[in-house]
Student: 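I have a structure I would like to understand better, so I am pasting it below and will then ask my questions one at a time.
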2 protein chains.
Amino acid sequence: MGYFRPEIEAIAGYKPGEQPQGGKFIKLNTNENPYPASPKVAEAIRQRLDQGLEKYPDPVGTAFRIRAAEVLGVEPDWILCGNGSDDILTILTRGFVGDGEWLRLPTPSYILYKTLAEIQGADSEEIPFNEDWTLPESFGTASNHLKLAFLPNPNSPSGTVVPKSQLREIADSLPCPLLIDEAYADFADDNCIDLVKENEKIMLSRTLSKSYALAGLRFGFLVAQPQMIEQLTKVKDSYNCDALSLAGALAAIDDQKWVAENKAKVVVTRANMTQRLRKMGFTVPDSQANFVWATRPGVKLKPIYEFLKQNHVLIRYMQYPGITEGIRISVGTDGQTDVCLDLIEQYLQQNS
Amino acid sequence: MGYFRPEIEAIAGYKPGEQPQGGKFIKLNTNENPYPASPKVAEAIRQRLDQGLEKYPDPVGTAFRIRAAEVLGVEPDWILCGNGSDDILTILTRGFVGDGEWLRLPTPSYILYKTLAEIQGADSEEIPFNEDWTLPESFGTASNHLKLAFLPNPNSPSGTVVPKSQLREIADSLPCPLLIDEAYADFADDNCIDLVKENEKIMLSRTLSKSYALAGLRFGFLVAQPQMIEQLTKVKDSYNCDALSLAGALAAIDDQKWVAENKAKVVVTRANMTQRLRKMGFTVPDSQANFVWATRPGVKLKPIYEFLKQNHVLIRYMQYPGITEGIRISVGTDGQTDVCLDLIEQYLQQNS
C-alpha cells in the first residue's frame, strides 16, 4: 500500500505462543503458572469492581509502587508500572533507541526483543550464547551506535543464568543501559535488585505473568533509578494500567507468602522433570526458571511437539537455524507434567 | 544523562487531567461518564475472574471483535482492540510516521497527538481551526513528508464536528491515512463508520472510556479496512488487552440499550448546561460531545477553575497561547452540573 513505514511492512511481526481459547489442553507452552493466583488478588479486584469503573485509574499506580518498593527494598520512585512487561520493553526501546541505532540482545533468547528493534527502525545486534549457555565477554563491548542491551536472566529457552559478577562487568563496559529481564527471577536462587542500586545503567523488568500466576491480568514493572523512571514515564501511555489490574497487582505483590509457596512447588516439579528428561536421553541444562529446555541431537523434535498436541498437550518446539533446536516445557502441576513426560516416553519408545 | 533519545529528554511529556485518588470531588475535568457502566459489565468481569487469570488472554480479542463488528456493521477483521484509544493512537503513530516525517493535527484539539509525534521523533504540523471551529480546507493539502493526520470528531475542547462531506474531501486529497478520533461520537448525531467502507485511508478510533462509562477499564478500538488492521497488528504489544477488560468490553458493546439511554440523559443535561452558561454570558458552541466549552473574552477564567477546585469541583481550564482560553466542563449528572454552574454563577456575582 505504501502508507506504512517500510520497517512495518517488511517485518513478519512477533507471533506469541499458541493460546487456544477453549478446548481442553494441558498448556505447557508459554510458561504460565499452573496454579491459580493468590485468592487475595480476585478479592481485591472484586472490591475495586464494586467501586465502579467510570473514572480514570491512577496514571502512575501509586499504591502498587509504594508496596512493591517495600517488598523490593527500594523507593516508590524507582518503579514504573506497565501493561505487562512487554509494555515495559516497548517503552524502553522507544525511550533509548532511535532510527538506525543498535539494540543488543543475546541469542537464543526472547524473540520479541528483535521485533521491538525492527518496529523502532533500529538494528538488533545478536550475540550468540556459548554452547554451554555462558555469555561471551563480547556482550559488554562498547560501540558507538549501541543504545540499549536486553539480557534475560534467567534466560529463555535455556533457563540458565549469567553470574552477577559478569553482569556487573558488562554494565560497566557497556556505553548504554542494560535491561536485565527478570521475568523468571522469582523462580531463581538470586536476583539483581542490588545491582540497580549500584549503577544507574542497570534496570530490571519484572512481570506478574509467571511467578504470580497472572498472565491474564497484564501487569509488569520496571525497577530503575528515579532519573531513569522520570524520563521513561514520558514515553508510556498516560493510563497504561487499568484500575482492576492495579488493584490485583497490589494484592499480588503484597502476598509474598503465596509467591514463596508457589516457588517451592515449582522448584520440586522442575527438578523431577529435569531428572526424568535426562533419563530419557535429553540434554537439559539446570533451570532457574519455571520451564526446562531439552535438546537431543539426532532425534527430530518437532514430531514430539506434534504428537503431544494431538494428545492435547501443548509444549513449545523452538528452532534457531544454525544454532540449535529443542523443546521447551513449562513446569505444570505434577499431574500435568507426568502426562506430558509419559507421552514423550511413549513417543520415543514407538519411534526408536 | 545522555542515554535517552534526545527527543525524549527534550519533551515535557503529556500531562493527563487531574485524577485525585480519594477525596470527594465532583469530577467534571476529564470527560468521564457520571453514571456507572451497564451492570452487565461487572457481571461479565466477575464471571471471567472466576475462571482464573493464570493463562494469557486472547491476543486479538476475537469475541469482542465478532460482537463489535455486528454492532457496527463491519466484519471482525476490520477491528483492532487497544488498551484504551491512547494505545490505538500510539500504534498508529508508530505504524505510519517515521523519524523526521510529519503528523498533521488540528489545534486546539487533543494535546496527546503532538506528544505522540514528539516521542516518535516526528514533526507535528498544527492546522488551526477557524474561529467558528470550522476546519480550513488546508487540512487536506498534500505534502511529501506527511504520513498521518489525526482529526478528533467531535473535537475537544470545542465539542464541534466537521461535516462528513468535508471529511470525505480531506481524505481524498490527503496523501496519507486520516484517523478520525471518534472518542465522543456516541454522543453525536452521526458517525463516520460508512466513510471507512468507502476509503481505506479513513480509519476511526473509539473508546469505552466515555460513552460506556469505563475509563477505568482501558479499552478502545480501531475500525479500519482489514489490510490496514493486518499491518497495525504487528505494531501492537502481543497481549495489549487483559482478560478482564476483554470480558468487560464484550459485555459493554453488547448492551447498546444502555448506551442509548445514557446518551439520552447526557444530551438533555448538555443542552441545559449550554443554555445556562450562555445566559451567564459565556460563548458556548453547540456540543456534540459529553462536555461543553465556554469562553468569555474580558473575564479571566483560570480563577473560576481555582474557585471551583476550592469547592471540590474539578473542571478543566485550557489555555492555547495566542489562540484562545476557556473552561471545559464535562457533562455530569443533573445534580453535579447544578452544583458546578451555581458556583460559577456565585463566582461571577462576587467578582463583577
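First the proteins, then the strands, lettered A, B, ... as listed; each starts at 1. Bear in mind the structure is a predicted one, so any value in this text is a computation, not a measurement.
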Student: Do A:R218 and B:C241 come close enough that some side-chain heavy atom pair is under 4.5 Å?
Tutor: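 The answer is no, as the side chains (C-beta and beyond) never meet within the 4.5 Å cut-off.
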Student: B:K234 side chain to A:I8 main-chain N or O, any donor-acceptor pair under 3.5 Å?
Tutor: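 Yes, B:K234 side chain to A:I8 backbone: donor-acceptor pair under 3.5 Å.
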Student: Are the side chain of A:Q19 and the backbone N or O of B:P59 linked by a donor-acceptor pair below 3.5 Å?
Tutor: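 Side chain of A:Q19 to backbone of B:P59: no pair is present.
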Student: Is it the backbone or the side chain of A:Q120 that comes under 4.5 Å from a heavy atom of chain B, or both, or neither?
Tutor: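 Just its side chain gets close to chain B.
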Student: I'd like to verify something: which residue of A:K201, A:E101, A:E118, A:K147 has the highest number of heavy-atom pairs under 4.5 Å with chain B?
Tutor: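 Answer, by heavy-atom pair count under 4.5 Å with chain B: A:K201.
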Student: Kindly give the heavy-atom pair with the smallest separation between A:Q231 and B:E9, and that separation in Å.
Tutor: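 Residues A:Q231 and B:E9, closest heavy atoms: OE1-CA, 3.4 Å.
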Student: Drop me the distance from B:F25's CZ to A:K55's NZ, to the nearest 0.5 angstrom.
Tutor: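 One gets 12.5 Å once the value is rounded to the nearest 0.5 Å.
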Student: Among A:P16, A:G13, A:G52, which residue forms the greatest number of heavy-atom pairs with chain B at distances under 4.5 Å?
Tutor: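 Max contact count across the listed options: A:P16.
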Student: Just so I understand: if I count every heavy-atom pair under 4.5 Å between each of A:C176, A:A243, A:A213, A:S245 and chain B, which residue has the most?
Tutor: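 Looking at each of A:C176, A:A243, A:A213, A:S245 in turn, A:A213 comes out on top.
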Student: Given salt bridge (Lys or Arg N to Asp or Glu O under 4.0 Å), test A:R46 with B:D50 step by step and report yes or no.
Tutor: CA-CA 10 Å; A:R46 272 188 213 100; B:D50 290 342; 3.2 Å; yes
Student: Are the side chains of A:L53 and B:I45 in touch, meaning some heavy atoms are under 4.5 Å apart?
Tutor: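 In short, these two side chains touch, coming nearer than 4.5 Å.
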Student: If you compare all heavy atoms of B:G17 against all heavy atoms of A:Y239, which two are closest, and at what distance to 0.1 Å?
Tutor: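 The pair with the smallest heavy-atom distance is O-OH, 3.8 Å.
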Student: Kindly write out the residues that satisfy salt bridge (Lys or Arg N to Asp or Glu O under 4.0 Å) with B:R104, not counting sequence neighbours, or none if the list is empty.
Tutor: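 Scan of B:R104 (salt bridge (Lys or Arg N to Asp or Glu O under 4.0 Å), adjacent residues dropped) gives B:E125.
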Student: Between B:F96 and A:F4 (judged by ring centroids, cut-off 6.0 Å), do the two rings come close enough to count as a pair?
Tutor: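 B:F96 vs A:F4: aromatic centres under 6.0 Å.
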Student: Pairing donors with acceptors under 3.5 angstrom, does anything connect the side chains of A:T90 and B:D237?
Tutor: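 Yes, side-chain donor-acceptor contact under 3.5 Å.
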Student: As an exercise: rank A:L116, A:I11, A:L89 by heavy-atom pairs under 4.5 Å with chain B and give me the winner.
Tutor: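 The residue among A:L116, A:I11, A:L89 with the greatest pair count is A:I11.
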Student: Main chain of A:N240, side chain of B:N83: is a donor-acceptor contact present, judged purely on distance under 3.5 Å?
Tutor: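 Judged by distance alone, yes, a pair lies under 3.5 Å.
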Student: Give the member of B:T62, B:T115, B:V97 that has the highest number of heavy-atom pairs under 4.5 Å with chain A.
Tutor: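 Winner by heavy-atom pair count: B:V97.
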Student: Please look at A:P6 and chain B and tell me whether the side chain, the backbone, both or neither of the residue comes under 4.5 angstrom of a heavy atom of that chain.
Tutor: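 A:P6 has no heavy atom closer than 4.5 Å to chain B.
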Student: Which pair of non-hydrogen atoms, one from B:Y3 and one from A:P175, has the smallest distance, and what is that distance?
Tutor: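 Scanning both residues, the minimum pair turns out to be CE2-O, 3.9 Å.
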Student: Side chain from CB out, backbone as N, CA, C, O: work out which of these in A:Y35 comes under 4.5 Å of a heavy atom of chain B, or both, or neither.
Tutor: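 Just the backbone, heavy atoms under 4.5 Å.
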Student: Contact part of B:L217 toward chain A, heavy-atom cut-off under 4.5 Å: side chain, backbone, both or neither?
Tutor: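 For B:L217, backbone and side chain are both near chain A.
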Student: Do you know which of B:A37, B:G248, B:P177 has the most heavy-atom pairs under 4.5 Å to chain A?
Tutor: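 Greatest number of close heavy-atom pairs with chain A: B:P177.
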Student: I'd like to know which of B:V41, B:I119, B:N33, B:L112 tops the heavy-atom pair count under 4.5 Å against chain A.
Tutor: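 Highest number of pairs under 4.5 Å: B:I119.
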Student: Would you confirm whether A:R5, through its side chain, and B:R94, through its main-chain N or O, come within 3.5 Å as a donor-acceptor pair?
Tutor: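 Side chain of A:R5 to backbone of B:R94, a donor-acceptor pair under 3.5 Å: yes, one is there.
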Student: For the interface with chain B, which of A:P34, A:A42, A:P36 has the highest count of heavy-atom pairs at distances below 4.5 Å?
Tutor: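 Going by pairs under 4.5 Å, I would pick A:A42.
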Student: Under 4.5 Å from any heavy atom of chain A, what part of B:L232 do you find: side chain, backbone, both or neither?
Tutor: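 Contact with chain A involves both backbone and side-chain atoms of B:L232.
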Student: For the pair B:K236 and A:D86, find out whether any cationic side-chain nitrogen is under 4.0 Å from an anionic carboxylate oxygen.
Tutor: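 A:D86 and B:K236: not salt-bridged.
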Student: Is chain A contacted by the side chain of B:E7, its backbone, both, or neither, given a heavy-atom distance below 4.5 Å?
Tutor: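 Neither the backbone nor the side chain of B:E7 comes within 4.5 Å of chain A.
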Student: Counting only heavy atoms closer than 4.5 Å, note whether B:A12 contacts chain A via side chain, backbone, both or neither.
Tutor: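 Backbone of B:A12 only, per the 4.5 Å heavy-atom cut-off to chain A.
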Student: Go through the atoms of A:K15 and report whether side chain, backbone, both or neither lie under 4.5 Å from a heavy atom of chain B.
Tutor: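 Contact with chain B: none, neither part.
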